[in-house]
S.K.: 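Got a structure for you, written out below as structure tokens; questions coming shortly.
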There are 2 protein chains.
Amino acid sequence: MSEELAARGQTTAAQVRKDLSHFGSFGKRGLGYRVRELRASLQRIIGVDRPWRVALVGAGRIGLALFEYPAFRARGYECVAIVDSDPEKIGTVWGNLTIRGPEEFETIVASLDVELIILAVPGPAAQELAARAVDAGVKGILNFAPIRLNVPPRVPVEDVNLIMELEALSFAITQAQRDA
Amino acid sequence: MSEELAARGQTTAAQVRKDLSHFGSFGKRGLGYRVRELRASLQRIIGVDRPWRVALVGAGRIGLALFEYPAFRARGYECVAIVDSDPEKIGTVWGNLTIRGPEEFETIVASLDVELIILAVPGPAAQELAARAVDAGVKGILNFAPIRLNVPPRVPVEDVNLIMELEALSFAITQAQRDA
DNA sequence: GCATGTGAATAGGTTCACAGCC
DNA sequence: GGCTGTGAACCTATTCACATGC
């Protein structure tokens with residue numbers, strides 16, 4: 001039931017029903033939802049009913065942590081290439097992949113059908129690599145660089161900015177202390 | 001001017017002015033804002049005009065990546081302790097810190113005045129550690145575990161869920177392809 | 001009878017546009 | 001003259017409440 005889904009999702013039953021109604025009608029009145037079917041429908045809507053080919057750009061510590069994060073593959077995000085500009089790292093093998101140099105980037109994206117990149121490089125390099133990725137056909141970017149990437153609007157970008165997350169905590173705590 | 005701030009923040013001039021008006025009046029009509037002063041005011045409002053003491057809970061790859069991320073310290077978030085439950089890791093030294101076992105957690109939080117924790121442990125362990133952190137006096141949690149932490153409402157939690165970020169990209173791309 | 005799906009009502013947030021002040 | 005700060009208008013999102021259909 002929407003009530004149970006809401007409890008799990010930290011929201012309200014009405015919200016669940018209204019959100020679902022944007023995409024269709026998935027339940028049965030008087031009964032609720034059949035979970036397997038609903039899940040399958042949502043997976044299709046979100047687009048995670050098929051694997052996605054991902055390239056990791058930046059083989060630093062964040063890149064490594066992400067590369068070894070098993071949940072990615074488990075959820076259908078398959079890392080098919082790693083690129084880094086550090087000559088020390090190029091040629092190194094991680095798992096079943098060899099780290100490539102940035103000059104091969106376009107070739108890799110095209111030949112391996114890379115759809116998404118995880119951009120985990122220092123700020124200054126990020127914009128150029130993002131632009132090259134988009135030109136090479138990448139369709140979306142998960143960006144860890146603390147800059148606002150300038151890419152065409154058709155290419156979605158999700159920013160992960162850990163400093164801002166911590167600052168959100170600092171703000172919430174500071175506010176609460178002031179109110180008290 | 002609000003116009004310039006908006007351009008940098010990917011928003012509109014009216015939005016910038018309205019947002020600032022929530023906290024006070026910071027500009028001069030006809031002139032715009034004095035950047036140094038505005039920045040100082042905002043830092044005070046957000047609560048980042050002083051350092052914050054942070055403990056890292058979970059010394060896996062994500063923990064390591066975060067620990068070595070220099071921007072944290074640069075922005076005033078100082079890691080004062082590391083906790084992990086792996087006996088192999090306890091006693092290991094990272095930088096100037098020795099990794100401690102979870103049984104010392106409460107002592108550490110109290111004696112070192114830990115205000116925030118970065119929770120980078122596997123899902124199952126996260127809830128218990130979060131609860132213990134809160135009981136020990138932690139005021140906010142940056143949560144990397146893919147679960148919804150159950151903590152009192154006075155303790156803000158920021159979730160970082162990379163799978164959901166990737167899924168947001170998959171959804172945006174899938175939607176765009178459907179519309180086309 | 002019971003829970004969905006959905007119009008209507010409400011709340012919240014963004015944009016407009018201009019009075020007020022430098 | 002020029003830009004802020006802010007009510008008013010607008011738009012979007014959430015909540016309510018009930019008709020609908022199993």
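Chain identifiers are assigned alphabetically (A, B, ...) following the order of the sequence lines, protein sequences preceding nucleic acid strands; residue numbering begins at 1 within each chain.
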S.K.: Using whole Å, what does the distance between atom C1' of nucleotide dG5(C) and atom CG of L31(A) come to?
M.R.: 14 Å

S.K.: Distance check: side-chain N/O of S21(A) vs OP1/OP2 of dG5(C), anything under 4.0 Å?
M.R.: no

S.K.: Looking at every heavy atom in both G123(B) and A145(B), which two are closest together, and how far apart are they?
M.R.: CA-CB, 4.2 Å

S.K.: Decide yes or no for F144(A) and V121(A): does some side-chain heavy atom of the first lie under 4.5 Å from some side-chain heavy atom of the second?
M.R.: no

S.K.: Quick one: which of L116(A), I118(A), L129(A), V157(A) gives a side chain to side chain contact (heavy atoms under 4.5 Å, CB included) with I141(A)?
M.R.: V157(A)

S.K.: State whether Q15(A) places a side-chain N or O below 4.0 Å from either non-bridging phosphate oxygen (OP1 or OP2) of dA13(D).
M.R.: no

S.K.: How close or far is atom P of dT4(D) from atom NE2 of H22(B), stated in whole angstroms?
M.R.: 17 Å

S.K.: Mind calculating the distance between CG (D19(A)) and C1' (dT12(D)) to the nearest angstrom?
M.R.: 13 Å

S.K.: Rounded to whole Å, how long is the line connecting atom CZ of R17(B) with atom P of dG2(D)?
M.R.: 15 Å

S.K.: Measure the acute angle between the ring planes of Y77(B) and W52(B), then classify it against the limits of 30° and 60° as parallel, tilted or perpendicular.
M.R.: parallel

S.K.: Just how far, in rounded Å, is P of dC22(D) from CZ of F26(A)?
M.R.: 17 Å

S.K.: To the nearest Å, how far apart are Y33(A) OH and dG21(D) C1'?
M.R.: 14 Å

S.K.: Please report the distance, rounded to the nearest Å, between CE in M1(A) and C1' in dA3(C).
M.R.: 7 Å

S.K.: Please determine, for the side chain of T12(A), which listed nucleotide (dA8(D), dC22(C), dT15(D)) has the closest atom?
M.R.: dT15(D)

S.K.: Is there a side-chain contact between S2(B) and the phosphate of dC3(D), meaning an N or O under 4.0 Å from OP1 or OP2?
M.R.: no

S.K.: What is the distance, to the nearest angstrom, from the CZ atom on R29(A) to the C1' atom on dA19(D)?
M.R.: 8 Å

